[in-house]
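See structure below.
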Amino acid sequence: MDTSKLISAAVLTFAATSVSVNAADTAEPLYDRLGGLRGITLVVDDFIDRLVINAALNKNPAINAGRTSSPPPYLKFRVSQLVCEVTGGPCKYTGKSMKDSHAHLNISEEEWGVMASEFKKSLDKFQVSAAEQQELFEIIGKTKTDIVTRP
Ligand code: HEM
């Protein structure tokens, strides 16, 4: 191979490698962009406070009973631990699976929607940007099939 062919082969190889470096590879983990445990616990604290007083959710007797078996400080700890882990933080979630902790709660599509809109209020309150909110909703959304058990 002559020199010019070698150079063009090298350029092509370089071009092929550089396209694999995309934004996702270089972005800071979502955990850090949410402000780490400090940011996450502030949002979760506000979120759980909203959920436990929500009349639409408490109309469901199973959800209402869950407020006693899992009091707010316990839920705040567990949900923060989970969010920390799934956003790339240093925590290890040690609670029950989403299926095991929600199967008996008879959660509907509508109740899921109520939860999501309360979650958004907490994220807005702490000025989490739209991009980070969307990323977080995509991650949380994956638990829906384990949590919602009726239309
Ligand atoms: C409509 C939506 C939801 C409702 C009404 C709801 C309600 C509840 C209730 C009442 C409990 C306590 C259950 C009991 O003690 O019997 C619980 C536990 C829990 N929930 Fe949810 N939840 C919802 C969605 C979610 C989502 C989206 C997440 C996180 C992605 C989540 C994370 C947890 C965790 C980590 C626990 C504690 C598990 C354990 O005890 O180890 N929940 N939830």
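All heavy atoms count here, side chains included; hydrogens, waters and symmetry mates do not. Atoms within each ligand, like the ligands themselves, are counted from 1 in listed order.
- Taking the side chain to side chain donor-acceptor pair (under 3.5 Å) definition, one finds that Lys125 meets it with Asp46, sequence neighbours left out.
- Between Val83 and Val43, the closest side-chain pair of non-hydrogen atoms is not below 4.5 Å.
- Which parts of ligand 1 touch Leu82 is read off a 4.0 Å heavy-atom cut-off, strictly below it: atoms 29 (C), 30 (C).
- Residue-ligand proximity, Tyr74 to ligand 1, at heavy-atom distances under 4.0 Å covers atoms 39 (C), 40 (O), 41 (O).
- With salt bridges taken as basic N to acidic carboxylate O contacts below 4.0 Å, none links Glu111 and Lys59.
- Ligand 1 is never approached by Lys144 to a heavy-atom distance shorter than 4.0 Å.
- By the criterion of side-chain heavy atoms lying less than 4.5 angstrom apart, applied directly or through intervening Ile, Leu, Val, Met, Phe, Trp or Tyr residues, Phe77 is not grouped with Val52; the two fall into different hydrophobic clusters.
- A donor-acceptor contact closer than 3.5 angstrom links the side chains of Gln134 and Glu138.
- Of all protein heavy atoms, the one lying nearest to atom 16 (O) of ligand 1 is His104 NE2, 2.7 Å.
- Looking at atom 5 (C) of ligand 1, its nearest protein heavy atom turns out to be Ile63 CD1, 3.5 Å.
- Around atom 10 (C) of ligand 1, the closest heavy atom drawn from Glu109, Lys76, Arg67 belongs to Arg67.
- Looking only at protein N/O/S atoms, the ones less than 2.8 Å from atom 21 (Fe) of ligand 1 make 1 in total.
- A salt bridge links Arg33 and Glu135; the closest N-O separation between the charged side-chain nitrogens and carboxylate oxygens is under 4.0 Å.
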Identify each donor-acceptor pair in which a side-chain atom of residues 67-75 lies under 3.5 Å from a protein atom, sequence neighbours left out, and give them as a table.
{"from": "Ser69", "atom 1": "OG", "to": "Gly66", "atom 2": "O", "distance (Å)": "3.3"}
{"from": "Tyr74", "atom 1": "OH", "to": "Arg78", "atom 2": "NE", "distance (Å)": "3.1"}

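- Contact check for Lys144 versus Glu109: side-chain heavy atoms found under the 4.5 Å cut-off.
- Ile107 CD1, 3.8 Å is the protein heavy atom nearest to atom 3 (C) of ligand 1.
- Counting the atoms of ligand 1 from 1 in the order shown, those under 4.0 Å from a heavy atom of Gly95 are 41 (O).
- Looking only at heavy atoms of the protein, atom 35 (C) of ligand 1 is closest to Tyr93 OH, 3.3 Å.
- Within the listing of ligand 1, atoms 27 (C), 30 (C) sit less than 4.0 angstrom from a heavy atom of Ile140.
- The closest donor-acceptor contact from the side chain of Tyr31 to the backbone of Leu37 lies under 3.5 Å.
- With hydrogens left out, the protein atom closest to atom 15 (O) of ligand 1 is Ser70 OG, 2.5 Å, a heavy atom.
- Scored by the ring pair (Phe, Tyr, Trp, His ring centres under 6.0 Å) test, Phe137 finds Phe119 as partners (sequence neighbours excluded).
- Within ligand 1, the atoms closer than 4.0 Å to a non-hydrogen atom of Trp112 are 1 (C), 27 (C), numbered from 1 in the order shown.
- Here CD1 of Ile40 is found 4.0 Å from OG1 of Thr87. Values are rounded to the nearest 0.5 Å.
- Applying the 4.0 Å criterion to heavy atoms of Ser69 picks out, from ligand 1, the atoms 14 (C), 15 (O), 16 (O).
- Panel note: side chain Glu85, backbone Pro90; no donor-acceptor pair is recorded below 3.5 Å.
- For atom 41 (O) of ligand 1, the nearest non-hydrogen atom of the protein is Lys96 N, 2.7 Å.
- In the displayed structure, Arg150 atom CZ is contacted under 6.0 Å by more than 12 heavy atoms of other residues, nucleotides or ligands.
- Atoms of ligand 1 lying under 4.0 Å from any heavy atom of Glu111, numbered from 1 in the order shown and given with element: 1 (C).
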